[in-house]
Amino acid sequence: MTQFDNVSVIKQANVYFDGKCVSHNIVLEDGTKKSVGVILPSQLVFTTGAPEVMELVAGTCRVRLAGSDEWTDYTGGQSFDVPGDSSFDIETTETLHYVCHFG
C-alpha cells in the first residue's frame with residue numbers, strides 16, 4: 001500500500017529528539033491510529049506504551065530491541081514489531097521514512 005485514503009490528519013507535528021524525528025498522526029475511517037514520519041540520520045532510543053509495528057517505507061536502519069544485545073538491519077519494504085511497555089534503539093545513516101502502526 002502506497003497511500004492511506006479517507007484519513008484525518010492531526011495538523012500539529014510530533015517533533016522528537018531536537019527535530020531528528022518528525023511525524024504526523026493520522027486516523028483512519030475505522031478509528032485506527034497511525035503515525036507517519038521520518039527519522040534523520042541519528043542514533044535514538046524510543047519507548048512504547050502499546051505494541052507497535054514499524055513499517056519502513058524508504059531508507060535503512062539498524063534496530064536493537066530492549067533486552068537484546070543484537071542489532072538487526074532493516075530497509076524500506078520491511079517492518080519490525082516492538083512489544084508494548086518496551087523500548088528500542090535505532091540507528092539511521094540516511095533519512096528513514098516510516099509508518100508506525102499502533103496496537
Side-chain angles (χ1 to χ4, degrees):
M1 171 187 301
T2 59
Q3 71 182 34
F4 295 108
D5 295 321
N6 303 315
V7 301
S8 297
V9 177
I10 309 305
K11 293 192 294 185
Q12 180 68 42
N14 305 305
V15 181
Y16 304 103
F17 305 106
D18 296 322
K20 293 180 181 121
C21 177
V22 179
S23 67
H24 281 86
N25 292 331
I26 63 172
V27 182
L28 280 60
E29 279 187 307
D30 66 1
T32 303
K33 296 178 182 178
K34 301 183 184 301
S35 178
V36 178
V38 295
I39 301 173
L40 300 177
S42 55
Q43 190 169 12
L44 306 171
V45 179
F46 286 89
T47 58
T48 63
E52 300 178 359
V53 175
M54 288 288 289
E55 174 190 353
L56 308 182
V57 177
T60 60
C61 66
R62 63 186 206 134
V63 174
R64 180 175 56 196
L65 297 175
S68 176
D69 293 327
E70 292 185 35
W71 288 88
T72 303
D73 295 322
Y74 294 97
T75 189
Q78 295 181 305
S79 63
F80 60 92
D81 296 327
V82 184
D85 298 317
S86 187
S87 66
F88 64 96
D89 300 306
I90 187 166
E91 182 178 310
T92 61
T93 57
E94 60 183 293
T95 301
L96 180 71
H97 300 255
Y98 71 89
V99 177
C100 181
H101 305 267
F102 299 105

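Note that this is a predicted model, so its numbers are computed, not measured.
Nearest heavy atom pair, residue K33 against residue V27, reads CG-CG2, 4.1 Å. Here the closest heavy-atom approach between residue N6 and residue E29 is recorded as O-CG, 3.3 Å.
Note on M54 and V38: separate hydrophobic clusters, where clusters join Ile, Leu, Val, Met, Phe, Trp and Tyr whose side-chain heavy atoms are under 4.5 Å apart, directly or indirectly. Cluster membership check: V57 does not share its hydrophobic cluster with F80, using side-chain heavy-atom separations under 4.5 Å among Ile, Leu, Val, Met, Phe, Trp and Tyr. Hydrophobic clustering of Ile, Leu, Val, Met, Phe, Trp and Tyr side chains at less than 4.5 Å, counting indirect connections, keeps V7 apart from V53. Side-chain heavy atoms closer than 4.5 Å link hydrophobic residues (I, L, V, M, F, W, Y) into clusters, and following such links, possibly through other members, connects V36 to L28.
The main-chain N or O of T48 is never found under 3.5 Å from a side-chain atom of S86 such that the two would form a donor-acceptor pair.
The side-chain hydrogen bond (donor to acceptor under 3.5 Å, both in side chains) search around D30 returns T32, not counting sequence neighbours. Applying the salt bridge (charged side-chain N to carboxylate O under 4.0 Å, His left out) criterion to D81, with sequence neighbours excluded, gives no partner residue.
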Enumerate donor-acceptor pairs with a distance under 3.5 Å from any side-chain N or O in residues 93-103 to protein atoms, sequence neighbours excluded.
from, atom 1, to, atom 2, distance (Å)
E94, OE2, T60, OG1, 2.9
H101, ND1, K34, NZ, 2.7
H101, NE2, E55, OE1, 2.6

Side-chain donor-acceptor contacts of residues 65-79 below 3.5 Å, not counting sequence neighbours, with atom names and distances?
from, atom 1, to, atom 2, distance (Å)
S68, OG, E70, N, 3.0
T75, OG1, G59, O, 3.3
Q78, OE1, T75, N, 2.8

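Taking the side chain as every heavy atom from C-beta outward, I39 and C61 never approach each other to under 4.5 Å.
Through chains of ILVMFWY side-chain contacts below 4.5 Å, V15 is grouped with V22.
Within the structure, side chain to side chain donor-acceptor pair (under 3.5 Å) contacts touching residues 7-22 (residues at least two apart or in different chains) are N14-S23, N14-N25.
Ring geometry for F88 versus F46: interplanar angle under 30°, hence parallel rather than tilted (30 to 60°).
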